[in-house]
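Please read all numbers here as calculations on a predicted model, not as lab measurements.
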Amino acid sequence: MRKHTLRLQYNSPVVLTFALLALGVLLLGSYTGGQSTQRLFCVYRSSLTDILTYPRFFLHVLGHTSYAHYLGNMMMILVVGPPLEEKYGSRNLLWCILLTALVAGLVQWLFFPGKALLGASGIVFMMIVMSSLSGMRGGCIPITLILVFALYVGGEVVDGLVLRDDVSQLTHVIGGICGALLGLSMQK
């Protein structure tokens, strides 16, 4: 009888590293009383002469306000991300994460000077929309894309108009749009 050894595999390096970095940022924020999160892992209107303004355009996706906030985002990323990384490759998925973070960060910095943004929900929406495109073949638009866009992104537009909470629905919409555009561009 042949014995099979089970081993752990770091099967999705970008997704797993992202989740671990965000957990490290959450723990660091807890240790520093939120100072590190506020200083490095939130994007907000700050002077262009502040050297930390530029990394915050990207790093805000690693910051989370609480473990529940972190868990909500990471569960979706850990479920949806690995198949995307397998289909499009680690480098391409990293590029998509960085571009989505930058676009969301710039929009926040430019148009919402009195508010800070942190969290990976824009990345979640980017991945959800990209995953609905992953079955696209022969130039046909998948009905799943239309449904995902209508339900997820459309719901966020409605929530943004109706609700007054601390959730950045615009970031979710930006993530969905980035996911659609990046997913479509990688289909070619």
Please round to the nearest 0.5 Å and tell me the distance separating atom NE2 of H64 and atom SG of C42.
11.0 Å
Kindly say whether Y88 contributes a backbone atom to a donor-acceptor pair with the side chain of N92 at under 3.5 angstrom?
yes
Determine whether the side chains of T32 and R39 contain a donor N or O and an acceptor N or O closer than 3.5 Å.
no
Give a yes or no on whether I51 atom CD1 has more than 12 heavy-atom contacts from other residues, nucleotides or ligands under 6.0 Å away.
no
Is there a donor-acceptor pair under 3.5 Å between the side chain of Y70 and the backbone N or O of A19?
yes
Evaluation steps, side chain to side chain contact (heavy atoms under 4.5 Å, CB included), between M130 and M127:
CA-CA 5 Å; M130 275 182 70; M127 287 183 174; 5.5 Å; no
Hey, is the main chain of I97 close enough, under 3.5 Å, to the side chain of T100 for a donor-acceptor pair?
no
Is the backbone N or O of L23 less than 3.5 Å from a side-chain atom of Y67, with the two atoms forming a donor-acceptor pair by type?
no
Are Y10 and T17 close enough that some pair of their side-chain heavy atoms sits under 4.5 Å apart?
yes
Looking only at non-hydrogen atoms, find the nearest pair between M186 and C96 and report the distance.
CE-SG, 3.5 Å
Within the structure provided, determine whether I177 and F125 are in side-chain contact (heavy-atom separation under 4.5 Å).
no
Kindly indicate whether the side chain of T37, heavy atoms from C-beta on, has any atom under 4.5 Å from the side chain of L28.
no
Do W109 and T53 come close enough that some side-chain heavy atom pair is under 4.5 Å?
yes
Given side chains that start at C-beta, do those of E85 and N11 come closer than 4.5 Å, heavy atoms only?
no
So do the side chains of F41 and H60 get within less than 4.5 Å of each other, counting heavy atoms only?
no
Run through V103, L118, L117 and flag the one making a side chain to side chain contact (heavy atoms under 4.5 Å, CB included) with Q108.
L117
Walk me through it: do I77 and F18 pass the test side chain to side chain contact (heavy atoms under 4.5 Å, CB included)?
CA-CA 9 Å; I77 287 173; F18 184 88; 3.7 Å; yes
What are the two closest non-hydrogen atoms of V124 and M76, and how far apart are they?
CG1-CB, 3.7 Å
Report yes if some heavy atom in the side chain of I174 is under 4.5 Å from a heavy atom in the side chain of C178; otherwise report no.
yes
Please check if atom CG in L48 has more than 12 non-hydrogen atoms from other residues, nucleotides or ligands closer than 6.0 Å.
yes
Please tell me if the side chains of I123 and N73 come closer than 4.5 Å, counting only heavy atoms from C-beta onward.
no
